[in-house]
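All values below were derived from every heavy atom in this structure, side-chain atoms included, with hydrogens, water molecules and symmetry-related copies excluded. Order of the sequence lines sets the chain letters (A, B, ...), proteins ahead of strands, with each chain counted from 1.
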2 protein chains.
Amino acid sequence: MAGSPETGFQGKRSLKAIMSPSDENPRRKRAANTGPKGLGHFDPSGRQTLADQIYEQLHHEITQLVLKPGTPILEREIATRFDASRTPVREAVLRLAREMLVEVLPKSGTFVARIPLSALPEALVARRAIECDLVARAAKLASPAKILRLRAIIEEGREAAASGSQAEFDKTDSAFHAEIAAISGYPGLWKLVLQVKTPTDRFRHMVLPVADRMQQVVSEHEGIADAIERGDAVEAAECMESHLNQLKTDTLHTIERHPEYFVYDIDLDSLKCE
Amino acid sequence: MAGSPETGFQGKRSLKAIMSPSDENPRRKRAANTGPKGLGHFDPSGRQTLADQIYEQLHHEITQLVLKPGTPILEREIATRFDASRTPVREAVLRLAREMLVEVLPKSGTFVARIPLSALPEALVARRAIECDLVARAAKLASPAKILRLRAIIEEGREAAASGSQAEFDKTDSAFHAEIAAISGYPGLWKLVLQVKTPTDRFRHMVLPVADRMQQVVSEHEGIADAIERGDAVEAAECMESHLNQLKTDTLHTIERHPEYFVYDIDLDSLKCE
DNA sequence: CTAGTATATCTTGCATACCAGATAATCAAG
DNA sequence: CTTGATTATCTGGTATGCAAGATATACTAG
């Protein structure tokens with residue numbers, strides 16, 4: 001799961017606008033575009049701009065820790081790498097800057113950002129608050145069909161775990177949580193979670209790959225799905241909470257192993273408590 | 001509250017990097033920038049780029065409903081208005097597009113976005129989930145000093161309400177909720193709330209200005225502050241929830257009065273339930 | 001050898017120019 | 001009058017060029 005949290009708000013015109021009949025001006029003058037009139041012109045629009053592609057690639061490389069914190073980002077170099085000009089690269093870099101994935105020092109340089117320590121507990125709190133709420137709603141609303149889709153996703157995850165493909169597994173993990181958001185009736189909130197989730201994703205990739213963590217996640221997902229199927233909102237929320245709490249494991253140890261990857265904007269000790 | 005939800009991730013270099021002493025190359029060649037080495041170079045940096053200014057202005061005008069949904073955004077026109085080129089304007093527009101405040105139809109035009117109906121309940125759910133959690137934590141952590149700051153903000157709100165200044169009042173409202181996030185120990189999560197909050201802000205500006213709504217909000221804020229002061233987490237969360245639930249009022253009525261301002265991506269009826 | 005200064009050369013921010021695609025006005029045909 | 005094709009013209013996406021500021025190296029003075 002690497003893609004952009006939100007694809008933006010682009011779409012294709014679908015309906016012709018109404019002509020304004022009376023215009024005596026002999027000069028051919030294009031009238032102001034009247035804008036989208038039709039309903040539901042939301043178009044996920046396979047159309048992808050160059051900037052989008054560059055953004056996604058860089059986002060992927062940064063979150064997967066291919067590009068390590070501190071690495072310089074040369075706009076010019078990226079441009080040639082993608083055989084494009086600086087403009088779309090700059091667009092992508094600016095998006096990454098707003099997501100705190102890169103830091104840009106004006107007139108100096110751009111670098112892959114270190115992870116602010118504060119982002120880790122914040123991500124935890126936010127995810128718990130939102131996802132526990134969503135999963136509880138999902139438990140009350142789930143239809144058999146939806147539950148089957150959930151089971152299917154879990155099964156994909158089991159296969160990915162068996163084949164040891166971390167990347168593939170991560171995708172199913174995202175899909176699982178996104179599907180719960182969808183079942184709960186608020187699919188749009190998943191992209192909110194995606195935003196806060198990013199720092200923890202980067203973090204996860206620097207912890208030693210623990211062998212059976214994937215299988216453990218699969219069984220936790222099953223527990224959540226079971227609770228949803230039973231319609232047990234409280235239990236579902238509790239499962240989700242303990243599932244998310246697993247993110248805390250190895251935190252301190254990992255930070256000690258890669259101290260140069262973090263920004264110490266909060267006290268290290270505050271990570272221990274709670 | 002109109003400012004950008006997040007200022008980005010820009011900062012000034014503060015520490016000189018270490019020189020690499022051995023470089024026999026007689027040609028003057030500037031070595032790659034070594035990037036930020038010092039800790040905590042986060043610099044809110046009064047420095048504001050042209051694009052930032054344009055973004056903030058447009059953001060303000062859109063959320064305050066000065067620019068109504070459907071209004072065309074002419075990059076060229078905006079550029080001349082701000083006496084700048086298209087480049088920074090484009091930057092600003094792209095940011096607005098990602099926040100769903102404008103829709104850009106490639107090669108056709110850019111328009112102030114209509115409000116997706118789905119965004120309203122989503123904002124409610126997200127805010128309840130996050131802010132109820134935060135206020136409960138705040139209730140457990142609040143120090144007398146923090147509570148005084150909260151009271152001060154409430155008082156500012158009361159004055160703004162008395163003078164009937166909606167804009168001023170909105171600022172204090174944002175400040176109140178932001179302060180609670182700060183007290184809870186997760187100030188960064190307020191910007192998350194700001195994101196989902198935007199559509200409801202636009203919505204609020206098209207409902208007839210109800211006379212005493214501001215005073216009512218003040219007393220609700222007081223109730224929340226009281227609960228926090230007593231350290232009653234449960235009561236605080238409940239107060240916050242009912243406070244946020246007030247956003248639902250007049251929903252359907254307002255939508256009927258301005259049907260052209262919305263995108264009907266979900267069923268109207270689904271707004272009634274719950 | 002050390003410390004401070006000067007300068008070459010990099011960087012990002014902004015301005016301008018160009019292009020393909022989309023729209024609206026006009027025209028032609030039924 | 002309606003419908004479809006034509007074309008001028010506008011739009012956003014991209015490429016390129018210039019300027020101000022920041023850094024690393026070379027240089028100078030002690």
Side-chain angles (χ1 to χ4, degrees), chain A residues 8 10-37 47-54 72-80 82-94 97 102-111, chain B residues 8 10-37 47-54 72-80 82-94 97 102-111:
Chain A
Q10 303 197 172
K12 278 197 281 263
R13 168 68 42 71
S14 49
L15 269 68
K16 306 253 179 185
I18 314 158
M19 296 166 52
S20 52
S22 60
D23 187 340
E24 300 297 352
N25 193 339
R27 175 101 169 74
R28 274 197 187 177
K29 179 104 192 288
R30 187 175 171 275
N33 196 326
T34 45
K37 287 282 181 9
R47 166 110 182 99
Q48 237 195 348
T49 180
L50 244 178
D52 289 335
Q53 299 175 32
I54 298 174
I73 303 273
L74 282 291
E75 285 190 1
R76 201 139 202 159
E77 175 194 294
I78 308 274
T80 59
F82 285 88
D83 195 44
S85 87
R86 266 188 58 213
T87 306
V89 175
R90 179 172 167 69
E91 245 173 59
V93 167
L94 286 173
V102 305
E103 11 185 359
V104 22
L105 293 333
K107 312 294 178 81
S108 171
T110 302
F111 307 87
Chain B
Q10 303 197 170
K12 277 198 280 266
R13 166 69 44 73
S14 49
L15 269 67
K16 306 251 179 186
I18 315 157
M19 295 167 52
S20 52
S22 60
D23 186 342
E24 298 298 352
N25 194 339
R27 174 106 169 72
R28 276 197 187 176
K29 179 108 194 285
R30 186 176 173 274
N33 195 326
T34 45
K37 287 283 181 11
R47 166 113 182 97
Q48 234 192 349
T49 181
L50 245 179
D52 289 335
Q53 298 176 32
I54 298 174
I73 302 273
L74 281 291
E75 287 191 357
R76 208 138 203 156
E77 175 194 294
I78 308 274
T80 60
F82 285 88
D83 194 44
S85 88
R86 266 188 58 211
T87 308
V89 175
R90 180 170 169 66
E91 245 172 60
V93 168
L94 286 173
V102 304
E103 8 186 0
V104 21
L105 293 334
K107 312 293 182 78
S108 171
T110 301
F111 307 88

Of the listed D:dA20, C:dA20, C:dT16, the closest approach to the A:Lys107 side chain comes from D:dA20

B:Glu75 atom CD is separated from C:dA15 atom P, nearest whole Å, by 13 Å

- B:Val102 and B:Val93, any side-chain heavy atoms less than 4.5 Å apart: yes

Out of D:dG13, D:dG21, D:dT16, minimum distance to the side chain of A:Arg86 belongs to D:dT16

- Item | Check against side chain to side chain contact (heavy atoms under 4.5 Å, CB included), A:Arg90 and B:Glu91 | CA-CA 10 Å; A:Arg90 179 172 167 69; B:Glu91 245 172 60; 3.2 Å; yes

*Can you check whether B:Ile78 reaches B:Ile54 side chain to side chain, under 4.5 Å on heavy atoms?*
yes

**Message:** In the structure I gave you, are the side-chain heavy atoms of A:Phe111 and A:Val104 within less than 4.5 Å of one another anywhere?
**Reply:** no

When rounded to whole Å, the CG to P distance for the pair A:Asp52 and D:dT14 reads 8 Å

Between CD of B:Gln48 and C1' of C:dC14 the distance, given in whole Å, is 16 Å

D:dT11 OP1/OP2 closer than 4.0 Å to side-chain N/O of B:Thr110 = no

Is the shortest heavy-atom distance from the side chain of A:Glu103 to the side chain of A:Thr110 under 4.5 Å? no

* To do: Using a 4.0 Å heavy-atom cut-off across all strands, classify A:Ile54 as base, sugar-phosphate, or nothing.
  => nothing

The nucleotide from C:dC14, D:dT14, D:dA15 with an atom nearest the side chain of A:Ala84 is D:dA15

Q) Do B:Arg76 side-chain and D:dG12 base share a donor-acceptor contact under 3.5 Å? A) no

The nucleotide from D:dT23, D:dT11, C:dG13 with an atom nearest the side chain of A:Ser108 is D:dT23

Separation of C:dT23 atom P from B:Leu74 atom CG, nearest Å, is 16 Å

Rounded to whole Å, CZ of A:Arg90 lies from P of C:dA15 at a distance of 11 Å

Atom CG of B:Leu94 and atom P of D:dG12 are separated, to the nearest Å, by 11 Å

Looking only at C:dC14, C:dT11, D:dG12, the nucleotide nearest the B:Val104 side chain is D:dG12

Distance check: side-chain N/O of A:Thr87 vs OP1/OP2 of D:dT16, anything under 4.0 Å? no

note: A:Phe111, atom CZ; C:dT12, atom P; distance rounded to Å ~ 8 Å

In whole angstroms, the gap separating P of D:dA19 from CG of B:Leu50 amounts to 17 Å

